[in-house]
Undergrad: 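The structure under discussion is supplied below as structure tokens; questions concerning it will follow.
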Amino acid sequence: HSPISLPRLTADEMKVIDYEVMKHAYAAHRALGRLCDESIYHTDLAERLAAAGLGPIHREFPLTVSFRGFSHSYFVDLVVANRAIYELKTHTSLTPAHDAQLLNYLLLANAARGKLINFRPSSVDSRFVNAPLDAPGRHRFAVHRDCDNPFISLVIDLLSDWGTGLETALYLRAFIDLLGGEASVARQLPMFRADVPLGNQRFLLAAPDTAFIVTSLGSVESSHCHHLRRLLDPSPISRLFWVNIALHDLTITTIHRSTSLKSIPTS
């Protein structure tokens, strides 16, 4: 859900807007230096863009994603001229996590391009981020599962509604909320090697004897499955659903314990 529909800009269209935006980003940096808080650059750049006639300028532009009783909102730093998305940073350097954050916003808004601007370096640093798929493309994915289960049905229904490509933490937050919330789903469970107690391990439970984990690997890797089984074996959990959300594949793999079961404590 977005207050306005943003266009899918071509590279040339984005460059035309960005040429003007970056002139004012450099001006803000020259005037303020590199040590201000992010909110200061945010306000100054927005005011400069509006004064230059590049409006409307939207600050903290809301993007809300919902499914059944779950809802979560994100807030984009700047939307310029009802067209271009910008995220502003004050970090030593831009990181892949910043790219991932902006990509998540682009996919939610069904926008094709956006830009990161970092004011902390001695000169302004910036880079474009492009979304690989539009909304219809994110809803074209194959489903691979090895059993039927209410939790698996929930996963498929949510992905059918939202599509792939969004940040893993969002899918995970939704599953936890829809299963009853953190207090009901997250459990610290005892781990044993033979009869040696090893301490407690945090699991997310889809059912009393069933845990789940969510990843966004490019493909399902047998080595990861092997390590999940090794995680499961010292636990009292009988099985684990591994949910892997790739761009074109949703794979739900059931992993069973290979050692004798221990009962799950009730508290």
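Numbering starts at 1 and runs along the sequence shown.
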Undergrad: With rounding to the nearest 0.5 angstrom, report the SG to NE2 distance, Cys36 to His42.
TA: 14.5 Å
Undergrad: Indicate whether the side chain of Thr64 and that of Ser73 have a donor and an acceptor atom separated by less than 3.5 Å.
TA: yes
Undergrad: Report yes if the side chains of Arg229 and Cys225 come closer than 4.5 Å at any heavy-atom pair, otherwise no.
TA: yes
Undergrad: Would you kindly say whether His248 and Thr164 are connected by a side-chain donor-acceptor distance under 3.5 Å?
TA: no
Undergrad: With no hydrogens and no angle check, just 3.5 Å: does a side-chain donor-acceptor pair link His24 and Asp44?
TA: no
Undergrad: At what distance, to the nearest 0.5 angstrom, does CD of Gln101 lie from CG of Asn104?
TA: 8.5 Å
Undergrad: Check the angle between the aromatic planes of Tyr41 and Phe119 and answer parallel, tilted or perpendicular using the 30° and 60° thresholds.
TA: parallel
Undergrad: Before we go on, tell me: are the rings of Tyr74 and Tyr105 under 6.0 Å apart, centre to centre?
TA: yes
Undergrad: What closest approach, in Å, do Ala112 and Leu106 show between heavy atoms, and which atom pair accounts for it?
TA: O-CD1, 4.4 Å
Undergrad: Could you walk me through whether Asp157 and Arg68 pass salt bridge (Lys or Arg N to Asp or Glu O under 4.0 Å), step by step?
TA: CA-CA 10 Å; Asp157 288 348; Arg68 297 179 184 172; 2.9 Å; yes
Undergrad: Test salt bridge (Lys or Arg N to Asp or Glu O under 4.0 Å) on Asp99 and Arg127 and set out the steps.
TA: CA-CA 9 Å; Asp99 292 61; Arg127 64 172 174 244; 2.5 Å; yes
Undergrad: Return the CD to CZ distance between Glu182 and Arg187, rounded to the nearest 0.5 Å.
TA: 12.5 Å
Undergrad: If every non-hydrogen atom of Ala174 is compared with every non-hydrogen atom of Leu158, which pair is closest and at what distance?
TA: CB-CD1, 3.7 Å
Undergrad: Just checking, Lys115 and Tyr86: is the charged tip under 6.0 Å from the six-membered ring centre and within 45° of the axis?
TA: no
Undergrad: First locate atom CD1 of Ile57, then atom CD of Glu47, and finally report the distance between them rounded to the nearest 0.5 Å.
TA: 10.0 Å
Undergrad: Could you go through Ile245 and Leu166, starting from their C-alpha distance and side-chain angles, then the distance that decides it, and tell me whether this counts as side chain to side chain contact (heavy atoms under 4.5 Å, CB included)?
TA: CA-CA 9 Å; Ile245 306 169; Leu166 303 178; over 6 Å; no
Undergrad: Name the one of Leu232, Leu231, Leu189 that satisfies side-chain contact (heavy atoms from CB on, under 4.5 Å) with Gln201?
TA: Leu231
Undergrad: Is there a chain of hydrophobic side chains (I, L, V, M, F, W, Y, each step under 4.5 Å between heavy atoms) that links Val79 to Val129?
TA: yes
Undergrad: For a side chain to side chain contact (heavy atoms under 4.5 Å, CB included) check, start with the C-alpha distance between Asn149 and Arg239, then their side-chain angles and the critical distance, and finish with the verdict.
TA: CA-CA 12 Å; Asn149 176 275; Arg239 64 178 177 175; 3.2 Å; yes
Undergrad: Do Trp162 and Tyr171 pass the side chain to side chain contact (heavy atoms under 4.5 Å, CB included) test, and can you show the C-alpha distance, the side-chain angles, and the key distance before you say yes or no?
TA: CA-CA 9 Å; Trp162 286 1; Tyr171 295 114; 3.9 Å; yes
Undergrad: So, taking the atom named CZ in Phe151 and the one named CG in Leu205, what distance separates them when rounded to the nearest 0.5 Å?
TA: 10.5 Å
Undergrad: To the nearest 0.5 Å, tell me how far Leu45 CG sits from Met22 CE.
TA: 9.0 Å
Undergrad: Do the side chains of Asp177 and Phe67 get nearer than 4.5 Å, heavy atoms only?
TA: no
Undergrad: Determine, for Glu13 against Lys15, whether the closest basic-nitrogen to carboxylate-oxygen distance falls under 4.0 angstrom.
TA: no
Undergrad: Which of these, Val214, Val185, Leu240, Ile213, sits in a side-chain contact (heavy atoms from CB on, under 4.5 Å) with Leu204?
TA: Val185
Undergrad: Check Thr251, Thr215, Asp249, Thr253 against Asn244 for a side-chain hydrogen bond (donor to acceptor under 3.5 Å, both in side chains) and give me the one that passes.
TA: Thr215
